[in-house]
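Numbered from 1 within each chain, the chains take letters A, B, ... in sequence-line order.
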2 protein chains.
Amino acid sequence: MDGSGKQRPTMADVAERAGVSRALVSIVFRDQPGASPQTRDRVLRVADEIGYRPDSAARLLARGRSRTLGVMFTVHQPFHADLVEGIYPEAERLGYDVLLSATAQGRGEAKAIEALLGHRCEAVILLGPGAQPKDIDALGHRTVTVSVGRRVPHARVDSVHTAEGKGVRQAMEHLVELGHRRIVHIDGGRGPGSAERRRAYRAAMRRHGLEPELRVIPGDHTEQSGMETGRLLLDERDHGRPLPTAVLAGNDRCAMGLLMTLTQAGVGVPRDLSVVGYDDSHLSHLMPIGLTTVRQDAVLMAEYAVRFAVERLEGTAPEPREAVLDPKLTVRGTSGPPPEGVGGGNR
Amino acid sequence: MDGSGKQRPTMADVAERAGVSRALVSIVFRDQPGASPQTRDRVLRVADEIGYRPDSAARLLARGRSRTLGVMFTVHQPFHADLVEGIYPEAERLGYDVLLSATAQGRGEAKAIEALLGHRCEAVILLGPGAQPKDIDALGHRTVTVSVGRRVPHARVDSVHTAEGKGVRQAMEHLVELGHRRIVHIDGGRGPGSAERRRAYRAAMRRHGLEPELRVIPGDHTEQSGMETGRLLLDERDHGRPLPTAVLAGNDRCAMGLLMTLTQAGVGVPRDLSVVGYDDSHLSHLMPIGLTTVRQDAVLMAEYAVRFAVERLEGTAPEPREAVLDPKLTVRGTSGPPPEGVGGGNR
DNA sequence: GCGCGCTACTAGCGCGCTCTAGGCGAGTAC
DNA sequence: GTACTCGCCTAGAGCGCGCTAGTAGCGCGC
C-alpha cells in the first residue's frame with residue numbers, strides 16, 4: 001500500500017475525474033484563456049484531491065522550450081552562494097526555472113556542464129569558470145553561455161564581472177592614503193579576475209612610487225591559501241624580514257584565512273597590519289570588526305547574468321554582451337593606519 | 001547564424017546519418033547488447049560529429065523512471081557543501097542522477113522541494129530540514145524521503161544523523177578532564193540536532209555536578225549567532241561576570257563567529273577560553289590552530305543517505321530506516337586547560 | 001530440404017504533456 | 001433566414017526517447 005505501487009497521477013486522471021478533456025486540464029494548468037471559471041475551479045480542486053502535479057519532463061518535451069537556466073557553481077565558494085541566491089528570484093521573475101550543478105572533488109566543470117546540457121537547459125551560467133577560454137568559447141557556440149566573474153575576451157559568451165582594476169585601485173588608494181607603503185598582494189592564481197587584480201596592483205604600486213616594495217605572493221582563492229601566506233609572513237618576520245603593513249588578498253576567503261592565522265599569532269589587525277579582501281561575500285560581514293573589502297554586488301551580478309541569458313534566448317539581444325560593474329571599496333574594521341614609526345616601508 | 005535557429009540534433013538525425021534505425025542508436029547509447037562493434041563505433045562517431053547528446057527529459061519520460069535523486073540544501077551551510085560533495089559520487093556509482101535545489105532568501109524549503117518533485121525526482125534527500133515533522137512526514141508518504149542531520153521520529157522517512165548525545169558527551173568529558181567547570185553551551189535553536197545536543201549538554205553538566213554552572217545561551221547555526229554570543233560574554237565580563245572557561249558551540253559556523261569576536265578582543269584561545277564546535281566541516285581545518293570539534297563524517301552520511309534512498313526505491317528495503325553514526329571528538333587547537341587559578345568555576 | 005537458434009537489426013507504440021485545428025451552441029448583425 | 005463572431009471545449013498529432021515484438025540473415029544439424 002505504498003511506494004512503487006503508487007502511480008503518479010497524470011493529466012488524464014484529472015480530466016477523467018473532472019469530466020473534461022485532457023486539453024482543458026492543460027489549459028487550466030497553463031493559466032490560458034479558454035476555460036470557464038467554474039470548470040477551472042473544478043479542475044484545480046480535483047487535481048489537488050488526487051495530488052496531481054504537472055510533470056516537467058513531459059511538459060518540457062512537448063513545448064519545444066525548457067525555459068530552464070543551468071547554473072554551474074562551486075559548493076565551497078561563499079560568493080557563489082550569494083550569486084545563486086540572487087539568480088533564483090530574477091529567473092523566477094522572468095519565468096525561468098533554475099537547475100544547479102555543482103563542481104566538487106572528482107566532479108569537474110566539464111561533468112557539471114554536461115549534466116546541465118543533458119537536462120536541456122537553454123542557457124548555461126558559469127560562476128567563476130576555471131575552464132580554458134577556448135573550451136568556454138566552444139560551449140558558447142553550442143548554447144547561450146554567460147560567464148560570471150571572469151572575462152573571456154574573444155569567446156562567444158556574455159560576461160558579467162566587475163572592473164577589477166578599478167576595485168584594486170580604490171583599495172590601493174585607501175591603503176596609501178592611510179600611510180601604507182609596504183603592501184603585498186596575495187595572488188588568486190587562475191581564479192576569476194586574478195590576472196586583472198594582479199595587474200592593477202602592480203600598476204598602483206608603480207604609480208605611487210612603491211615599486212621597490214612591490215610583492216606578489218602566489219596563492220589562490222581559498223582560506224588555505226590565506227593561511228599559508230600568513231604562516232609564510234610570520235616565518236619571515238621571525239627571520240628578520242619585517243611584516244608588510246598591509247595585505248591585499250585575492251578574495252575574501254583568502255583574507256579570512258590570513259586573518260585567522262595572524263590574529264591567532266597575536267598580530268593586531270588593523271593595529272599591526274591591515275587586510276583588504278575582495279568580493280564582499282557574506283563572510284566579510286561576519287567578522288566582528290568587519291573585513292575591509294572590495295564589494296562586488298552579487299545580487300546585481302546575478303541579475304545581469306540572468307537577464308543576459310534570457311535576452312539572448314528570446315532574441316532581444318542576439319549578440320553576446322559584457323557587463324562591467326563598478327566595484328566599491330567597503331571600508332570596515334580590518335584597515336587602518338600602519339603602526340607608528342614603521343610608516344610602511346621607510347627603512 | 002546562431003542560437004535559436006540551431007536545432008538540437010535528435011536520435012533520428014544520428015540514425016539517418018549513420019544509416020541505421022533509431023532503435024539501434026538507442027541501443028548503442030544505452031550500452032545494451034544488440035549492436036555490432038562496428039555499428040556501435042560508427043553511431044558514436046556520427047553522434048559526436050553532429051553534437052548529439054541524449055535528451056534526459058525524453059529519456060525520463062520514455063522509461064518510467066527518472067533515476068534521479070533530488071537534494072535540498074542551504075547554499076550558505078558549509079557542512080551541506082561537504083554533504084553534497086559526498087552525494088555526487090555515491091549517486092553516480094549507483095547509476096543515479098542528482099538534482100540540487102537550494103533554499104535561500106525568499107525561497108523556502110517548500111519551494112525547493114516542489115521544484116525537485118516537479119522534476120520527477122524519485123527520492124528527495126533533505127539536508128538539515130527545518131520543516132515541521134508533520135510536513136516531512138507528509139512528504140515521506142508522497143515520495144521516498146531521507147532526512148540528513150535531523151531525526152524525524154514518527155515520520156515515514158529514512159534518516160541519517162549522528163548520535164548527538166554521544167558527541168556532546170565526548171566533548172564534555174574532554175573539557176571536564178582538562179579541568180573546565182564553567183562551560184556554557186550556545187544553542188542551535190531549531191537547527192537539526194540542536195535539541196539533542198542541548199539535552200546532552202544539560203545531562204553532562206549534571207552528571208559532573210556542575211549544575212550550578214549550567215548555562216544555555218540561545219542562538220542558531222550561523223556565524224552571526226556565535227559573534228553575538230561573543231559580544232554578550234565580553235559585555236558581561238566588563239560588568240564583572242567572569243568569562244566561561246569553555247564554550248560548546250551549536251556548530252562550527254557558530255564556533256567560528258565566536259572565535260573571531262573573542263580573539264579580536266584579545267581573548268586568548270585556548271589560553272583564556274576553550275571552544276568546541278560541531279560538524280567538522282571544511283571550516284574547522286581552516287583555522288591555524290584548528291577547531292576542536294565533534295566530527296560528523298559528511299562523506300559517510302552522504303553515502304548512507306544515497307543508499308537508503310536507492311534501496312527504498314529499488315525495493316531492497318521497503319521500510320524507512322535510521323542510521324545513527326558515531327561522532328568522534330576531534331581535538332585540535334581551540335581546547336586546552338582552563339586559565340591558571342580560575343579552575344573553571346570555583347568561586 | 002527443413003527447423004532451430006543466434007546475432008543484428010527495425011517497426012511502431014506509448015510515456016505525459018502542449019498546441020493547432022477545429023466543433024458546438026448561443027448571441028448578434030443584416 | 002444566413003453569416004459571422006465568440007466563449008468554451010475536444011480530437012489528435014507529435015515532442016525525443018525506451019522498449020517490446022518482430023524480421024532478416026546466417027550457420028548448423030539432420
Inset, instruction - Find the distance Arg59(B):CZ to dG16(C):P and express it as a whole number of Å. - result: 18 Å

Inset, instruction - Indicate yes or no: at least one non-hydrogen side-chain atom of Asp135(B) is less than 4.5 angstrom from one of Glu109(B). - result: no

Inset, instruction - Give a yes-or-no answer on whether the side chains of His119(A) and Asp97(B) include a donor-acceptor pair shorter than 3.5 Å. - result: yes

Legend entry - Gap separating the CG atom of Asp55(A) from the CZ atom of Arg8(A), nearest 0.5 angstrom: 4.5 Å

Legend entry - 5' precedence on DNA chain C between Ser26(A) and Leu61(B) (nearest-nucleotide basis): Leu61(B)

Legend entry - Gap between atom NE2 of His221(A) and atom CD of Gln77(A) - 0.5 Å precision: 8.0 Å

Inset, instruction - Enumerate, in order of first residue number, the stems that involve DNA chain D, defined as 3 or more consecutive Watson-Crick or G-U wobble pairs with both distances under 3.5 Å. - result: C:1-30 with D:1-30

Inset, instruction - Could you pull out the closest heavy-atom pair between Val98(B) and Ala91(B), with the gap in Å? - result: CG2-CB, 3.4 Å

Legend entry - Other residues, nucleotides, ligands: >12 heavy atoms within 6.0 Å of Glu16(A) CD: no

Inset, instruction - Nearest-nucleotide wise, let me know which of Ile27(B) and Ala62(A) is further upstream toward the 5' end of DNA chain C. - result: Ile27(B)

Inset, instruction - Could you pull out the closest heavy-atom pair between Pro9(A) and Tyr52(A), with the gap in Å? - result: O-CD1, 3.4 Å

Legend entry - Near-strand residues of residues 91-100 of chain A, defined as heavy-atom separation under 4.0 angstrom from DNA chain C: none

Legend entry - Spacing of Glu314(A) atom CD and Glu122(A) atom CD [to the nearest 0.5 Å]: 8.5 Å

Legend entry - Spacing of CZ belonging to Arg151(A) relative to CD belonging to Glu322(A), to within rounding of 0.5 Å: 5.0 Å

Inset, instruction - Could you check Val157(A), Leu126(A), Val152(A), Val144(A) and say which one makes a side-chain contact (heavy atoms from CB on, under 4.5 Å) with Leu139(A)? - result: Leu126(A)

Inset, instruction - Measure the CZ-NE2 distance between Arg150(B) and His161(B) for me, rounded to the nearest 0.5 Å. - result: 11.5 Å

With a cut-off of 3.5 Å and sequence neighbours excluded, list every side-chain donor-acceptor pair involving residues 300-310 of chain A.
{"unit_1": "Glu303(A)", "atom_1": "OE1", "unit_2": "Arg307(A)", "atom_2": "NH2", "d": "3.4"}
{"unit_1": "Arg307(A)", "atom_1": "NE", "unit_2": "Glu90(A)", "atom_2": "OE2", "d": "3.2"}

Inset, instruction - Please say whether more than 12 non-hydrogen atoms of neighbouring residues, nucleotides or ligands are located less than 6.0 Å from CD in Gln105(A). - result: no

Legend entry - Nucleic acid contacts of residues 28-39 of chain B, taken as heavy-atom distances under 4.0 Å to DNA chain C: Gly34(B), Ala35(B), Ser36(B), Thr39(B)

Legend entry - Aromatic plane relationship, His282(B) with His76(A) - under 30° parallel, 30 to 60° tilted, over 60° perpendicular: parallel

Inset, instruction - Could you list where the contact with chain B starts and ends along DNA chain D, reading 5' to 3', using a 4.0 Å heavy-atom cut-off? - result: dG16(D) to dC19(D)

Inset, instruction - Could you check how far CZ of Arg40(B) sits from P of dT7(C), rounded to whole Å? - result: 13 Å

Legend entry - Contact residues, residues 14-25 of chain A to DNA chain C [heavy atom, < 4.0 Å]: Arg22(A), Ala23(A)

Legend entry - Reported CG-to-CD distance for the pair Asp137(A) and Gln132(A), which is rounded to 0.5 angstrom: 12.5 Å

